[in-house]
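Contents: one structure, followed by commentary.
Computed over heavy atoms, backbone and side chain alike; hydrogens, waters and symmetry mates excluded. For clarity, every value in this text was computed on a predicted model and none was experimentally measured.
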Amino acid sequence: MDEHESPDLTEDEKRLFADLMPEDLNEILDTGVNRRHFLKLMTLAGGGILAAQSAVAEQLIARPLSETIPTELVPASIENGVNVSLKVNGTARKLAVDSRMTLLDTLRERLDLTGSKKGCDHGQCGACTVIVNGHRVLSCLTLAASCEGKTVQTIEGLAQGSQLHPMQESFLKHDGFQCGFCTPGQICSAVALLDEAKKGHASYVTENVRQSAGPAKLSNEEIRERMSGNICRCGAYPNIVAAIQEVHSGKPVEQVFRSV
């Protein structure tokens with residue numbers, strides 16, 4: 001099947017989606033069932049909602065997923081569309097988006113990069129943090145249209161193949177997460193933070209902001225201040241600070257949870 005074709009759905013399958021996922025029906029009829037639709041269907045199945053339609057659902061779940069929608073295709077429902085060209089995790093992407101669409105929604109809904117999380121959606125928790133042109137930004141407050149010609153790096157783009165980024169390895173070593181929801185934003189913020197420190201950027205607790213710019217040696221207090229925009233509701237802050245400090249200093253840091 002050509003990736004631009006949509007697999008035929010039976011009438012029973014169409015009714016299933018019309019009943020359970022009416023907001024996605026037009027997209028499914030146009031492009032087929034993709035990963036996001038599949039996961040939503042599995043969630044409904046886990047909740048027992050599909051009991052009355054189990055045979056149809058089983059038939060659907062057993063089908064291969066359709067290909068990811070080509071980013072160049074413009075969804076029929078788009079309004080106030082603008083064309084945006086940007087580089088995401090090293091790959092050039094060109095797509096049409098609603099001029100009001102955020103970078104976060106574009107990454108998650110259009111590019112299937114779901115690592116960046118939608119927490120508060122008001123720029124207060126930091127779970128959506130990504131790196132744009134080397135600077136950390138809150139993607140829930142950043143319009144996709146404003147990223148024309150820019151380079152975006154998400155949590156999916158930090159590793160090199162099977163080789164994790166040093167910050168990812170350090171978070172694993174120091175157990176810098178619990179539920180993991182905030183972790184992509186924490187790690188992206190930490191990676192950008194170290195770059196800021198190398199460039200000598202000051203923070204609220206910098207002792208002397210008049211000193212000439214140069215690599216900053218970060219204390220734990222500095223790291224906590226510079227990471228204050230990323231909230232961990234599980235309270236793994238000591239482990240997060242230890243993980244960042246180890247990458248920053250290049251020296252082993254005692255694992256906080258073991259010393260406690």
For [X] and [Y], which heavy atoms make the closest approach, and how far apart are they?
| X | Y | answer |
| --- | --- | --- |
| Gly119 | Cys125 | CA-SG, 3.8 Å |
| Ser116 | Leu107 | OG-CD1, 4.4 Å |
| Pro166 | Val247 | O-CG2, 3.8 Å |
| Ala236 | Gly176 | CB-C, 4.2 Å |
| Ile131 | Cys188 | CD1-O, 3.6 Å |
| Leu218 | Gln245 | O-NE2, 3.1 Å |

Problem set entry | Within 6.0 angstrom of Glu23 CD, more than 12 heavy atoms from elsewhere |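 Counting other residues, nucleotides and ligands, CD of Glu23 exceeds 12 neighbours.
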Tell me, do [X] and [Y] make a side-chain contact under 4.5 Å, heavy atoms counted?
| X | Y | answer |
| --- | --- | --- |
| Glu169 | Gln163 | yes |
| His174 | Ser170 | yes |
| Val84 | Lys94 | no |
| Ser203 | Glu222 | yes |
| Ser85 | Glu148 | yes |

Let me check something: do [X] and [Y] share a hydrophobic cluster, defined by ILVMFWY side-chain heavy atoms less than 4.5 Å apart, either directly or through other members?
| X | Y | result |
| --- | --- | --- |
| Tyr237 | Ile244 | no |
| Ile231 | Ile240 | no |
| Val241 | Leu193 | yes |
| Val82 | Val88 | yes |
| Leu104 | Ile187 | no |

For this session: To the nearest 0.5 Å, tell me how far Leu111 CG sits from Glu109 CD.
Result: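 It is 10.5 Å, given to the nearest 0.5 Å.
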Where the side chain of [X] meets the backbone of [Y], is there a donor-acceptor pair that is under 3.5 Å apart?
| X | Y | answer |
| --- | --- | --- |
| Lys117 | Thr114 | yes |
| Asn230 | Gly185 | yes |
| Gln186 | Gly180 | no |
| Lys150 | Ser146 | yes |
| His122 | Cys120 | yes |

Exercise. For Thr154 and Glu156, does a side-chain donor sit closer than 3.5 Å to a side-chain acceptor?
Worked result: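 Short answer, yes.
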Problem set entry | Derivation and outcome, side-chain contact (heavy atoms from CB on, under 4.5 Å), residues Leu158 and Met167 | CA-CA 9 Å; Leu158 291 181; Met167 191 63 72; over 6 Å; no
Problem set entry | Worked check of side-chain contact (heavy atoms from CB on, under 4.5 Å) between Leu172 and Leu164 | CA-CA 10 Å; Leu172 286 171; Leu164 293 178; 3.6 Å; yes
Exercise. Run the side-chain contact (heavy atoms from CB on, under 4.5 Å) check on Leu113 and Arg108 step by step: do they pass?
Worked result: CA-CA 5 Å; Leu113 295 172; Arg108 292 181 58 83; over 6 Å; no
Give the table of side-chain donor-acceptor pairs shorter than 3.5 Å for residues 132-145, with sequence neighbours excluded, one pair per line with atom names and distance.
{"from": "Asn133", "atom 1": "OD1", "to": "Thr151", "atom 2": "N", "distance (Å)": "2.8"}
{"from": "Arg136", "atom 1": "NE", "to": "Glu196", "atom 2": "OE2", "distance (Å)": "3.0"}
{"from": "Arg136", "atom 1": "NH1", "to": "Ser189", "atom 2": "OG", "distance (Å)": "2.6"}
{"from": "Arg136", "atom 1": "NH1", "to": "Arg226", "atom 2": "O", "distance (Å)": "3.0"}
{"from": "Arg136", "atom 1": "NH2", "to": "Glu196", "atom 2": "OE1", "distance (Å)": "3.0"}
{"from": "Arg136", "atom 1": "NH2", "to": "Arg226", "atom 2": "O", "distance (Å)": "3.1"}
{"from": "Ser139", "atom 1": "OG", "to": "Cys128", "atom 2": "O", "distance (Å)": "2.6"}
{"from": "Thr142", "atom 1": "OG1", "to": "Leu138", "atom 2": "O", "distance (Å)": "2.9"}

Exercise. Is the shortest distance from a Lys or Arg side-chain nitrogen in Arg110 or Asp105 to a carboxylate oxygen in the other one below 4.0 Å?
Worked result: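 Salt bridge absent between Arg110 and Asp105.
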Exercise. Using 4.0 Å as the upper bound for N to carboxylate O, is an ion pair formed by Lys173 and Glu246?
Worked result: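 Yes, this pair counts.
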For this session: Give the C-alpha distance, both sets of side-chain angles, the deciding distance and a yes or no for side-chain contact (heavy atoms from CB on, under 4.5 Å) between Gln178 and Cys232.
Result: CA-CA 9 Å; Gln178 288 188 39; Cys232 174; over 6 Å; no
For this session: List the steps, then state whether side chain to side chain donor-acceptor pair (under 3.5 Å) holds for Gln255 with Asp175.
Result: CA-CA 8 Å; Gln255 293 170 307; Asp175 200 19; over 6 Å; no
